[in-house]
Amino acid sequence: MAAETFDTSWMWHPSFREDDSSTAGRFVHFRKNFIVNEEPPKTLRIKITADTRYKLYINCQLVSFGPVKGDVNIWFYDEIDISPYIHSGDNRIAIHVLRLFSGTSYGTSFPRLGSGGVKIATIAHDTMWSPQIQSSTLWETAVDLFTKLRIDEPEDDFLHVYEKTSILGSEDVTSLDWVPAIILRYQSSTGVSAPWKLSPRLIPNMENQKVQFTTIWNVKSCRSTAAWLAAVTDQSSEHEDIHLPAGTSHQLDLEAPHHITAFIRLRFKRPLKGGATVIITYSEAYEDKPEQIPYLRRKGDRRDKSKCLIGPRDIFVLRGHDSKLDLGYHESEDTEEILMPFHWRTLRFIRLNIQVGSSDLTWQGIEVNMVRYPLEVLGAVKTSSDDGIAEKLYETSVQTLRNCMHDCYEDCPFYEQLQYAMDTRSSALFTYYTSADDRLARQAIIQLHSSFQPSIGLTASRAPSNQLQIIPHFSLYWVCMLHDHFTFFGDRDFIRPFLPVLDAVLGYFHARISEKFDLVALPSTEGIWNFHDWTEQWRPYGIPPSVVKSGISTYTNSLYAYTLKMASQLQLECGSRPALAEEYSDRASRIGNAVQRHCFDGQYFTDSLAADSDPNIDRSQQNQVWAVLSGAVCATNAQYLLRRALNTLNHSDSIIKTSISMSFYTLRAISGASGPLYDELFHEFWQPWRDQLALQLTTWEEDDVSHRSDCHAWGSAPIHEFLAEVAGIRPAKPGWEEMEFTPRIGLYRSLEAAIPFYREGRVALAKVTWARADSDTKTRVFLSITGLSRPISVHVRLPGQAMVTLDSSEEMCFIWMNCEN
């Protein structure tokens, strides 16, 4: 029998402890000095990862920030070429590690395993470079006892990355205690391996872009507002430093050009003595005093500086010359004191409060590096609307989407940074239309698949996450994500491995069908949240009261039927069990028929069983939308139902309105109902979005009930609507093997749109244009397609005209007759 082997590629601090209840975790520093006596290699690639997060510095330059969030099933590492950062002579590699404690609920957004660890190694074995780089006892390490990750912040239920520093650590320690690292030893034979199941990074590195604050407000300082404005808004080296006398206090609010996610860096000349305090408050908006922090807010004009700035805070105490730390993260550590929170921050505004200590302080500037997923935005829209509202809707939607894309899709960057399946389904679709980039979506599908709970039969509602949460409906949205991806990219090999879990998810609902009603019943169960939507009437948990009483939800059944139809198509196209596809289709019909029989009161689909419903409280737009999407009602009946339910002027019916989260699905139902309904409702539909612009939001808010978050990508539905519906470009066969072109020419007198799509390994671009004068009865509609290796069949249907199919040429021109003129 072969001898046991061991993985010795991970290192850690020998006495790291996770029993401090006053912090969510600790920072750990690693450093290694080495000498290069000859010309550095042209290429020197390394692998690096850490639990929980790391920043890699080489010779005081930030080289990498990672890893992508992983979990027990898949842990990511980064591959980096570090040769550009190495030079002849003395070199230092430094690693700054954030370790969130395991076994706590803090830092929900950041999965971590039972032990901390750092892995760094050269990719190609090199007898010269491997010993210099790889994890070993030659690295020095120190635990940062001066910084705590705050758990006392009322705004922060999920992240716990906000920092509070002091000059003294535990037991009056004033400096770091550097010791040799230890090597962690894990068996790597007989099917046993280290706890981190490593995978290379699946997505590109995040992009960084320098931005600057545009103005300042509410200055309270002995230094002039003009001096502060110049120092804050001018990022060149030409502005004068600001001298802050000992014992003085200063406050100022800084406004970014729009809602951003960014690394923040404040620079001061290192004072003679430590003790000055700097507090940075991050906020999305000026607002009135909230009803409840963070969940019920009172917001109006987001730039009304007479109101409050409320948000989580970093609290820094400057160390001065007496107790500076030799970290190797910044070139000027001897002469400057740099305040840079480890993790990026989300903000529209920040408030700075500076309390100068017993030594004078010199402010040298603030640097802002916007960070997010490197989305190449190729989609574009320009219309004839006089107020430019279409462009504003589209551009704000793109800005919102981008701020919710980092190393994962995120529900909201300010509060949670969690990848929820429902949110992510919409965000991924919006991404396909803006860029034809599916890399983050593929990763999300994999991560949600990895969260599958065999004992339950569902995926987690969000993944990766440090805390398991189950929302049954969100597993269905994950199935929808599979269908969407196949529709847009046609990658059967990618989809096939997920089909067993898809079947298990659908089986969860099938096993809960009530024999009496032929409907799925999901009673309240510990550990299961049957969330529907955020509405005022369904507080506090987003579930209709009648559903709580009966356990039967019209929404659940309609969503299940809708998903079954998508799953049936996937099984036919990607699976090897055509009988299962037929079974899914039969199940969908059975559920749809039962919804018609038991959940329709003669006027509307009720939230639960119609026989037990009160028309004054148990009717909602949500269930009219989902009845249409599921096929429980079709054609003219669907048009009539939606027209009545969505008519905001109809006060005779008591009906609960959908939230922004359901806007994408409401629009899909309106479109699916066919007829003139979509065009009738289109412009009026965007009034809540116009209202947000009037309140000076630069990204779309989470909902209009709690007003908690000012950036939530499920509000970015205009991306899809302008490109897929108004311009009318959609895939007609999986992977854009054929294209559908059904423009809604009557909505705008003129339109210019660009729609990227991915076909046969390359990104192509469809451009749609038309223009007409008010008196014209004819409109020339142009479609040009570039970037393809071979022609594509285009199914063209102009309003009121029969469909024709053409093979694409360089440019196609169609004539539309406007019968109304």
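Treat the numbers as computed from the prediction; the structure is a model and nothing was measured.
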Looking only at atom types and distance, does a side-chain atom of Gln419 sit under 3.5 Å from a main-chain N or O of Tyr409, one as donor and one as acceptor? yes
Pair Glu725, Ser671: side-chain N/O donor-acceptor within cut-off below 3.5 Å: yes
Could you check whether Asp304 and Ser306, counting side-chain N and O atoms only, form a donor-acceptor pair closer than 3.5 Å? yes
Can we say Glu207 and Arg372 salt-bridge, meaning some charged N sits less than 4.0 Å from an Asp/Glu carboxylate O? yes
Does the pair Ser654 and Arg619 meet the rule for a side chain to side chain donor-acceptor pair (under 3.5 Å), with working shown? CA-CA 7 Å; Ser654 177; Arg619 292 171 167 176; over 6 Å; no
Once you measure the plane-to-plane angle for Phe531 and Trp534, does it fall in the parallel (<30°), tilted (30-60°) or perpendicular (>60°) bin? tilted
Between Thr431 and Asp437, do the side chains contain an N or O donor and an N or O acceptor separated by less than 3.5 Å? no
Test: Arg348 and Asp710 ion pair at under 4.0 Å: no
Assess the side chains of Glu291 and Tyr295: does a donor N or O sit below 3.5 Å from an acceptor N or O? no
Sorted by chain and residue number, the salt bridge (charged side-chain N to carboxylate O under 4.0 Å, His left out) partners of Glu536 (sequence neighbours excluded) come out as Arg539
Please walk me through it: do His258 and Asn403 pass side chain to side chain donor-acceptor pair (under 3.5 Å)? CA-CA 11 Å; His258 49 75; Asn403 279 10; 5.2 Å; no
Less than 3.5 Å apart, any donor N or O on the side chain of Gln399 or Arg402 sitting next to an acceptor on the other? no
Flag for Asp438-His485: side-chain donor and acceptor within less than 3.5 Å: yes
Could you tell me which non-hydrogen atom of Leu378 sits nearest to which non-hydrogen atom of Ser435, and how far apart they are? CD1-O, 4.1 Å
Specify the closest pair of heavy atoms between Gly379 and Leu723, including all atoms of both residues, with the distance to one decimal. CA-CD1, 4.4 Å
Would you call the rings of Tyr477 and Tyr665 parallel, tilted or perpendicular, where under 30° means parallel and over 60° means perpendicular? tilted
Ring centres of Phe489 and Tyr758 under 6.0 Å apart? yes
One pair to check against side chain to side chain donor-acceptor pair (under 3.5 Å): Ser620 and Asp607. What are the steps and the verdict? CA-CA 7 Å; Ser620 60; Asp607 296 338; 2.7 Å; yes
Please check this pair: side chain of Arg351 against backbone of Leu254, looking for a donor-acceptor N/O pair closer than 3.5 Å. no
Applying ring-ring contact (aromatic ring centres under 6.0 Å, His included), name anything that partners Phe757, two or more places apart in sequence or on another chain. Trp736
Between Glu740 (side chain) and Ile729 (backbone), is there a donor-acceptor pair under 3.5 Å? no
Minimum-distance pair of heavy atoms, taken over all atoms of Arg303 and Asp301: N-OD1, 2.9 Å
State whether the side chain of Glu416 and the backbone N or O of Cys412 hold a donor-acceptor pair below 3.5 Å, judged by distance alone. no
Keeping Ser659 on the side-chain end and Asp703 on the backbone end, is there a donor-acceptor pair under 3.5 Å? no
Please report the C-alpha distance between Thr698 and His259 in whole Å, then the side-chain angles of each, then the deciding distance to 0.1 Å, and finally whether the side chain to side chain donor-acceptor pair (under 3.5 Å) criterion is met. CA-CA 6 Å; Thr698 60; His259 190 287; 5.9 Å; no
Mind listing the closest non-hydrogen atom pair of Val794 and Phe741 along with its distance? CG1-CB, 3.8 Å
Quiz question: by atom type and distance under 3.5 Å, do the side chains of Arg345 and Thr261 form a donor-acceptor pair? no
Verify whether one side chain among Asn208 and Asn369 offers a donor that lies under 3.5 Å from an acceptor in the other. no
Ignoring hydrogens and geometry beyond distance, is a side-chain donor-acceptor pair present between Trp700 and Ser397 at under 3.5 Å? yes
NZ/Lys565: more than 12 non-hydrogen atoms of other groups inside 6.0 Å: yes
Cation-pi check for Tyr678 against Arg744: NZ or CZ below 6.0 Å from the six-membered ring centre and within 45 degrees of the axis, yes or no? yes
When you check the gap from the basic side-chain N to the acidic O, do Lys382 and Glu752 get nearer than 4.0 Å? no
Determine, for Glu287 against Arg297, whether the closest basic-nitrogen to carboxylate-oxygen distance falls under 4.0 angstrom. yes
Phe349: partners by ring-ring contact (aromatic ring centres under 6.0 Å, His included), with sequence neighbours left out: Tyr286
Without hydrogens or angle criteria, can the side chains of Glu701 and His707 be said to hold a donor-acceptor pair below 3.5 Å? yes
Counting only N and O atoms by type, is there a donor-acceptor contact under 3.5 Å from the side chain of Ser384 to the main-chain atoms of Arg749? yes
Between Gln621 (side chain only) and Ala645 (backbone N and O only), is there a donor and an acceptor less than 3.5 Å apart? yes
Using a strict cut-off of less than 4.0 Å between a Lys/Arg side-chain nitrogen and an Asp/Glu carboxylate oxygen, indicate whether Glu680 and Arg643 qualify as a salt bridge. yes
Please determine if Arg708 forms a cation-pi arrangement with Tyr415, meaning its NZ or CZ atom is less than 6.0 Å from the six-membered ring centre and no more than 45° off the ring axis. yes
Where Glu284 and Ser709 come nearest, the two heavy atoms and their spacing: OE1-CA, 3.5 Å
Could Arg780 and Phe782 be counted as a cation-pi pair, given that NZ or CZ must be under 6.0 Å from the ring centre and within 45° of the axis? no
Is there a donor-acceptor pair under 3.5 Å between the side chain of Thr214 and the backbone N or O of Glu255? yes
Ignoring hydrogens and geometry, is there a side-chain-to-backbone donor-acceptor pair from Arg762 to Arg759 under 3.5 Å? no
Closest approach of Pro731 and Thr487, non-hydrogen atoms and distance? CG-CG2, 3.6 Å
Using 30° and 60° as the class limits, which term best fits the ring planes of Tyr555 and His532: parallel, tilted or perpendicular? tilted
